[in-house]
2 protein chains.
Amino acid sequence: MIRVLLADDEHLIRGAMAALLALEDDLTVSAQAATGAETLAMARALQPDVAIIDLQLPDLDGVAVAEAIHRDVPSCRTMIVTSHGLPGHLRRALASGVRGFLPKTAAAEVLATVVRIVAKGGRYVDPQLAAEAISAGDSPLTTRESQVLELAASGAAVEEIARQAALSPGTVRNYLSAAAIKLGATNRHEAVRTAQSRGWI
Amino acid sequence: MIRVLLADDEHLIRGAMAALLALEDDLTVSAQAATGAETLAMARALQPDVAIIDLQLPDLDGVAVAEAIHRDVPSCRTMIVTSHGLPGHLRRALASGVRGFLPKTAAAEVLATVVRIVAKGGRYVDPQLAAEAISAGDSPLTTRESQVLELAASGAAVEEIARQAALSPGTVRNYLSAAAIKLGATNRHEAVRTAQSRGWI
DNA sequence: GAAAACCGATGACGTTTGTCATGTGACCCG
DNA sequence: CGGGTCACATGACAAACGTCATCGGTTTTC
């Protein structure tokens, strides 16, 4: 029997997925969590075989939770499910040892299959997403460009960004300009949207 | 037996919700749809008792689908489920005759209950969301302010917005300025974010 | 029928951006 | 050790933006 930990902040969805998994004879949902901290605590306490983690959790990023689980509960394999299938997220997830990556647009039937594959130590990535991730390539932005662009994502003015990043306003504008050029955008806001759509910030 | 039509573009979620509803003896999921057009076609063909519609569908807005169903299949009651519980959406939905409104953060147990209430002709709105909708109030933006702000949401420049809205650039700036003031924002981008967070655009 | 909104436009103003040239210092790699 | 990349900064200029005053026309409302 494969023991599953289910983490998703949307209660309705979490319950629905539990119902879906309950249909399988060889799987059992032994715990559910709504936040990253809760997920981690339950993984430690119950040592499940597989943790299914939503990428968007209120406190922590799903990938960060997975990383923490790998560190604290090495026997527990992890897989990510997400609404927004962004190449950047997939890249980050795989780099941190996540074994399964499934967009919520995937067929309902595959969920149990992927859980079994992951439980056995295998890997599964949604084929379409994998293709996108390969064709999208890696982020062309430097560390600082990413950071500044991330701060710009909230719509803050240059001065505000400069304060938060402890940089001079002129430097901030340079970084934003460089990022926009690399992303083929005509201004910072377009650049923010592009970077977000590829999961680079 | 209450016959349910389930519409959600995320296959995994749709399947999971179907599994959840299948646990109830008095409910049956008679059809599933992934797009607005599909939903409408199935509602016409099968005349279900209740349609559960996700707010975000690839082609049409969930509320628009509900409206079309009310027109074409008056016997079918509708309810909306959504990831983002925005007051503006709730307002729009209720105005167009939707009888149930549930954020996906609601408890899984209530789903079947709400379906039964709606099937009987009753209404159900998530209490927390209702409170937010009341306290948030209605949009202070005029038609044109909303429209221009919506175009600005994509990060387009004033000239681009002016072209798309068939307005002069100066007029666009006036509307954006007025909208920003009404929303207490210091620039258009902050205004866009504020308006989006309240479901006003 | 007047007042109050809203729509659309223009011109002017100061501020904020985007862009470019240029410089310094740190670090890594061949 | 030298070249390349990155981080950070400054100064300068043109373009875009935010704001305000003001105008005329329509619709809604009291």
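Only heavy atoms go into these numbers, but all of them, side chains included; no hydrogens, no water, no symmetry mates. Letters go in sequence order (proteins before strands), and every chain restarts at 1. Bear in mind the structure is a predicted one, so any value in this text is a computation, not a measurement.
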Per side chain to side chain contact (heavy atoms under 4.5 Å, CB included), A:Ile161 is matched among A:Arg173, A:Arg188, A:Gln147 by A:Arg188
Can you confirm whether B:Ile117 sits close enough to B:Arg123 that some side-chain heavy atom of one is under 4.5 Å from a side-chain heavy atom of the other? no
Angle between the two end axes of the helix from C:dG1-D:dC30 to C:dG30-D:dC1, five base pairs per end, rounded to 10 degrees? 40°
Side chains of A:Thr35 and A:Leu57 in contact at under 4.5 Å (non-hydrogen atoms): no
Residue pairs passing the salt bridge (charged side-chain N to carboxylate O under 4.0 Å, His left out) test where at least one lies in residues 139-155 of chain A, sequence neighbours excluded: A:Glu145-A:Lys182
Nucleotide N/O to protein N/O under 3.5 Å, stretch nucleotides 24-30 of chain D:
none

Under the 3.5 Å rule, do the base of D:dT22 and the side chain of B:Asn174 count as making a donor-acceptor pair? no
OP1 or OP2 of D:dC8 under 4.0 Å from side-chain N/O of A:Ser168: no
Is the distance from OP1 or OP2 of D:dT10 to the nearest side-chain N or O of A:Thr171 less than 4.0 Å? no
Between C:dA9, D:dC8, D:dC17, which one does the side chain of B:Arg173 approach most closely? D:dC17
For B:Ala7, does its backbone N or O pair with a side-chain atom of B:Thr39 as donor and acceptor, under 3.5 Å? no
With A:Asp59 via salt bridge (Lys or Arg N to Asp or Glu O under 4.0 Å) - residues at least two apart: none
Take a 6.0 Å sphere around CD of B:Glu159 and say whether it holds more than 12 heavy atoms from other residues, nucleotides or ligands. no
State, with a plain yes or no, whether a side-chain heavy atom of B:His89 is found less than 4.5 Å away from one of B:Phe101. yes
Establish, from distance only, whether the side-chain atoms of B:His70 and B:Ser96 form a donor-acceptor pair under 3.5 Å. no
Would you say that A:His11 contacts B:Glu109 through its side chain, given a criterion of any heavy-atom pair below 4.5 Å between the two side chains? yes
Side-chain (B:Asp49) to main-chain (B:Arg3) donor-acceptor, under 3.5 angstrom: yes
Near DNA chain D, which residues from residues 140-162 of chain A have a heavy atom under 4.0 Å away? A:Thr142, A:Thr143, A:Arg144
Taking the side chain as every heavy atom from C-beta outward, state whether B:Leu55 and B:Val81 have any pair of such atoms under 4.5 Å apart. no
A:Thr194 and A:Ser197 side chains, donor-acceptor separation under 3.5 Å: no
Specify the residues of residues 180-201 of chain B, ordered by number, for which at least one heavy atom lies under 4.0 angstrom from an atom of DNA chain C. none
Could you state the atom-to-atom distance from OH of A:Tyr175 to C1' of C:dC20 in whole Å? 16 Å
